[in-house]
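Comments concern the structure below.
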Amino acid sequence: MTLPQTPDQHGKGEVELAVSLGPLRLRHPVINASGTFDLGEMEAHYERDFVADFPFSAYVPKTVTLEARAGNPPPRVSETACGMINAIGLANPGLQSFLNSLPALAKLREPVIVSVGGSQREDYVAVVEALEKTLDSATKGSVPQVAGYELNVSCPNVRTGCLAIGTDPAETAALVSAVRPLTARLLVVKLTPNVTDVVVVARAAVDAGADCLSLVNTFRALVVDSVTLKPFLGNRTGGLCGPAIKPIALRLVHDVAAALPVPVIGMGGITTGLDALEFIACGATAVAIGAANFAAVDAGERIVAELEAELRARCLPSVSAARGLALPGSARSARDA
Amino acid sequence: MTLPQTPDQHGKGEVELAVSLGPLRLRHPVINASGTFDLGEMEAHYERDFVADFPFSAYVPKTVTLEARAGNPPPRVSETACGMINAIGLANPGLQSFLNSLPALAKLREPVIVSVGGSQREDYVAVVEALEKTLDSATKGSVPQVAGYELNVSCPNVRTGCLAIGTDPAETAALVSAVRPLTARLLVVKLTPNVTDVVVVARAAVDAGADCLSLVNTFRALVVDSVTLKPFLGNRTGGLCGPAIKPIALRLVHDVAAALPVPVIGMGGITTGLDALEFIACGATAVAIGAANFAAVDAGERIVAELEAELRARCLPSVSAARGLALPGSARSARDA
Amino acid sequence: MSAVPAGSSMVQKAVTVDCRVSDVRRHGTFAVVSLVAPHLARRAVAGQFVMVAVPRGGFVLRRPLSVHAVRGDSIALLIEARGHGSAALAAVDVGQTLSLAGPLGTGFVTEGVQSALLVGGGIGVAPFQMLAERLAAAGSYVTAAFGFRDHRQARVAGAFDIPQLWVATEDGSLGRRGTAVELAETLAVQPGTVVYACGPLPMIGAVQRWAQSHELTGQASLEAHMACGSGSCHGCVIETTAGYLRVCSEGPVFDLRMVIAP
Amino acid sequence: MSAVPAGSSMVQKAVTVDCRVSDVRRHGTFAVVSLVAPHLARRAVAGQFVMVAVPRGGFVLRRPLSVHAVRGDSIALLIEARGHGSAALAAVDVGQTLSLAGPLGTGFVTEGVQSALLVGGGIGVAPFQMLAERLAAAGSYVTAAFGFRDHRQARVAGAFDIPQLWVATEDGSLGRRGTAVELAETLAVQPGTVVYACGPLPMIGAVQRWAQSHELTGQASLEAHMACGSGSCHGCVIETTAGYLRVCSEGPVFDLRMVIAP
Ligand SMILES: Cc1cc2nc3c(=O)[nH]c(=O)nc-3n(C[C@H](O)[C@H](O)[C@H](O)COP(=O)(O)OP(=O)(O)OC[C@H]3O[C@@H](n4cnc5c(N)ncnc54)[C@H](O)[C@@H]3O)c2cc1C
Ligand SMILES: Cc1cc2nc3c(=O)[nH]c(=O)nc-3n(C[C@H](O)[C@H](O)[C@H](O)COP(=O)(O)OP(=O)(O)OC[C@H]3O[C@@H](n4cnc5c(N)ncnc54)[C@H](O)[C@@H]3O)c2cc1C
Ligand SMILES: Cc1cc2nc3c(=O)[nH]c(=O)nc-3n(C[C@H](O)[C@H](O)[C@H](O)COP(=O)(O)O)c2cc1C
Ligand SMILES: Cc1cc2nc3c(=O)[nH]c(=O)nc-3n(C[C@H](O)[C@H](O)[C@H](O)COP(=O)(O)O)c2cc1C
Ligand code: FES
Ligand code: FES
């Protein structure tokens, strides 16, 4: 891990952190992963003004479903070796409550990417339609800048839909085809790692009109209660995330970025700027921070600062210069920079 | 994790550790995972007499292929968060050399399960045929007790065959059908976790005549070289194992054991007796120790001792009494014991 | 989700601070860890908790720990080594630094309480030192009934300085034989006494039934596995009469009647 | 695999032992860690290594470290904090215990060497203290040429006690400017001198070319990532003229001519 320590040779000049997710310009590549950073709650609990001083370059709220969902029975989370497992079950107050909360986000300077979930195609369609209608009719400044949607077809913790869609290329394509005509905004599809070949599903999504892919969602997993020897989580199984899964997530991002021409949002176990850089080297345009937000409320800005330092230490002038260095076609190496 | 500390109530009486893998009786449920414990090398390097004092209840040598394989270019291993990645590429001296090495194992009191790999069906067939012939014609005591075969259709580190077989239920069935008539010995199929639905492949193997299933092999993964930002391993990708993957492996073992009537050998990140017990609760009849052998040469016997202590602490009289407690049908809990 | 804040509403917002361990006292498997944390000492309400980073590799989540006591610029945590994380936390030494986020959660309501009965089991007793002091300072008459498994676990009582503190053990190896609730039963309880309960869910259930039969109101502090500790993840819910509520933000202190216990 | 043992064949078999840290000396980013390990002290041959468990959570593999020196019942390890694992190892304190497995691997051949030249770069110099002593004890005349990046890295030379020790730095900030090989070039080397090389692969390549041009034979100790450290896993191979060979068991010491270096 030792880089040449010659501070005189680098450290000079600006490092360009801005990236483009299709038409969407982000001031840096680090966004939050859905379900792991609730802006309203962070504002309510912490002294810091997270709206005025938002650490991420885009805000992805918790997945919204048409109806309110109470979620799965507890326990819902547990720690594992270098990871954590959750079975929240898409607990959320539902579409109407989300629409009501939009004005509270109006002051946010960063774009919002709305994560949408559901048990069936029609649910996703209903949520996107309702949002489009609300946004179109809203007076300027009364709602945040909603830049796009992330279709969550990969939550392993709900019994119907979601993962059943995301593991099936045809279902995924049908969903994207249904949503695509409803909006001109950025359409992201969030992929599951629980498949034999992620590229098949990714390609189906892109062919059906997705602008961007995000991955990975969590890995279906199980924790045994050490006292009773029964499944520990109320939902029996849950989804594994955190540093434990990073090597698998990197491989999946690498495979998708190598195969498809759309921008990729990479995630899975990122806790440092170097982790973020690794995803970028594997072809990610942006990266998302999930479980690391639980370990530290300032994870976002720390990772951005570290990423900048890592680029600087390698004499890489921009995030783009690092992008894809680990992909099959790339002859370049960070050593040449 | 706190169990009632009332040493007076338990700790008495014998705990039955023996288990049956079909016709094969094992003195305890802990075996080694292929490729992680080479008996000849352990004997050569360590003072201890591993043949006379073998820690596992069965010996699974490194996967044998028809021809010798040099393996993948280095680097081949790297550590990850609570895990490790390898891309050995089934480096092994080939069938003939394996046959020559059999007499050296003759003194081993424990049964041997020969792990067989290959790029195509015919390779597996040739290896099993040759072994059957050699074993049938060997004079008693001149070879070890070969109790069965483990068909490795799940190595992610070879370009052809193997994983391509194991991710395809039809290919898996065809392979098992081809090997089944050749031997009366225990036929184990080692499954890959890199599939959308492991039960589909598992069922194909069982329907085609497999006696037993073992899982998991490693997860396809990638490590980025932090200096060059290129893939670190010589083979670009490798297979992730170790504690990091344990929750996913438990879920897969749980799913297979719940769906199919054959015994399962569970593995993936086991480093303690409690880990082993968790796999048994998820339906495993035996468990295999992989990467933990690297952390400590005495991992095997420590895990057996810990497993016994964990059973005792829960007043469970035998391994069988713990088996399947976490499966859907099981109403019992270790608390009732 | 219709959030029904049942405990004292959050007065002060949380911060993340690195705090120096200034003192460690061990009582059996428990450790009282004092930390220099002026900010938290000023802000915390009894019953609130801090999310503490485990000072060892391999851990990804912080652990919620109640504020056990406030002493000038310092706060004390009372930690029982239960699993790997708490074992690492209970093993810290003077001079080390821990990262704390807090204060978080609702606290106990202590205003206008004439007589208070604190019923705790096992590590559940942790917040009661601070609670007893705050209640006493507000003029309440405070009695505490602590229940433990055995004399070994009961050693944690040594970490407390509450004048009217009674102890029971299930095996009778120290104090009265029985549970915390059975112990409470033996105490003369004035009408209007407010019951404060903290411990495993079955114990809370027993307190709930006992309080109801004596027509006493009460507050219960609950435990749950947490990820964020601040309302983001919905990981820490428990079942209440108002549906699933988050222990970290709608709790940990709930109206005793809301709790659904086995 | 046709194993061609190139270094001294393993004389004694390995054991796993818990060893107490009896002394730690720090030289810049390097630490010399002494451990009470009578068994290893008796058995180890210069050039052999031990597999050391990282004394912190989250690590699954041991780290290979050369035996730097033997002093009575103790052995010393010279550790550079490079990645997370070595950083944790270099941070140990006196009184802590480390788990060591060893001695492992082939050692350097020291018999019948009249004159020896030790060429090392960076942390590659670690085994040379023990080697120099064993050579000297066997009657060899020993010269050492160490190359470092800069004066900071060169501080590790302070951990050595070799009479004829020359140091170069690439930036000239300490000793001669240049590489270890360029430094060796300036030394008067007798015919028949045996070259011992240890360091990064490109440096080994340079030593190889230089030795060849001077018609000197030599031995090189190589590095590789290891999992088992004892031949089981085939994880640590390097490319040699005899194909892939395992650094842990066919090495780490190889005939200098066998190494295929860039
Ligand atoms: C609001 C609040 C305040 C708290 N205050 C205190 C306090 O002041 N002092 C204190 O010592 N503790 C307190 N706790 C509890 C404390 O946070 C946990 O006990 C601590 O996190 C234990 O974590 P661990 O890492 O040691 O154990 P883990 O390994 O995480 O397990 C801890 C406990 O969790 C349960 N658990 C986790 N995983 C499993 C599993 N697979 N099977 C079965 N059980 C499992 C078990 O009960 C186990 O004992 C509090 C908790 C909450 C919610
Ligand atoms: C036979 C032998 C003897 C040795 N003797 C010594 C000794 O005496 N003293 C000593 O200090 N060291 C010695 N080493 C090296 C030592 O084992 C390693 O430097 C040490 O394991 C570093 O591990 P780490 O955990 O700090 O770093 P890791 O985090 O494992 O990385 C260590 C090094 O590995 C490489 N690396 C690992 N992963 C990556 C990645 N993703 N990208 C890029 N590079 C990577 C880099 O070179 C990095 O500096 C020896 C090695 C061998 C094989
Ligand atoms: C508690 C929790 C809740 C989550 N909720 C959602 C969600 O609502 N929608 C979604 O798309 N992903 C959800 N995820 C998955 C994360 O967005 C992310 O894909 C995953 O955690 C991997 O990233 P990480 O390893 O950085 O956590 C959730 C993850 C966690 C831990
Ligand atoms: C270095 C290494 C080599 C392996 N070689 C083989 C092999 O030859 N055949 C095989 O079936 N599995 C092989 N495996 C996989 C293991 O047998 C096991 O399935 C996997 O490591 C998961 O278990 P663990 O987490 O306990 O290591 C290998 C694993 C490692 C780490
Ligand atoms: S712990 Fe995240 S909501 Fe309570
Ligand atoms: S490290 Fe396993 S063979 Fe060398």
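Just so we're on the same page: letters track the sequence lines, and every chain starts at 1.
- Looking at Ala227(D), both its backbone and its side chain come within 4.5 Å of chain B, counting heavy atoms on both sides.
- Residue contact with chain B, scored on non-hydrogen atoms closer than 4.5 Å, involves the backbone and the side chain of Leu61(D) alike.
- For a residue to count as touching a neighbouring chain, one of its non-hydrogen atoms must lie under 4.5 Å from one of that chain's; by this rule Met51(D) does not touch chain B.
- With sequence neighbours excluded, no residue satisfies disulfide bond (SG atoms under 2.5 Å apart) with Cys19(D).
- Your options are Ser249(D), Ser230(D), Gly231(D), Cys236(D), and the one with the most heavy-atom pairs under 4.5 Å with chain B is Ser230(D).
- Among the candidates Gly35(B), Gly71(B), Pro73(B), the residue making the largest number of heavy-atom pairs closer than 4.5 Å to chain D is Pro73(B).
- A side-chain donor-acceptor contact under 3.5 Å links Thr240(D) to the backbone of Ala242(D).
- In this model, a donor atom of one side chain and an acceptor atom of the other lie less than 3.5 Å apart for Asn217(B) and Ser154(B).
- Pairs passing the ring pair (Phe, Tyr, Trp, His ring centres under 6.0 Å) check and including a residue from residues 78-104 of chain B, sequence neighbours excluded, do not occur.
- For residues 288-295 of chain B, the interface with chain D (any heavy-atom pair closer than 4.5 Å) comprises Phe294(B), Ala295(B), sorted by residue number.
- For Pro103(B), the side-chain contact (heavy atoms from CB on, under 4.5 Å) test picks out no residue, with sequence neighbours left out.
- A donor-acceptor pair under 3.5 Å links the side-chain atoms of Gln153(D) to the main chain of Arg149(D), judged by distance alone.
- Of the possible donor and acceptor atoms, one in the side chain of Arg76(B) sits under 3.5 Å from a partner among the backbone N and O of Asn72(B).
- In this model, a donor atom of one side chain and an acceptor atom of the other lie less than 3.5 Å apart for Arg43(D) and His39(D).
- Outside the 6.0 Å centre-distance limit, the rings of His45(B) and Phe50(B) are not counted as a close aromatic pair.
- Between chain D and the options Pro243(B), Ala296(B), Gly83(B), the largest number of non-hydrogen pairs under 4.5 Å is found for Gly83(B).
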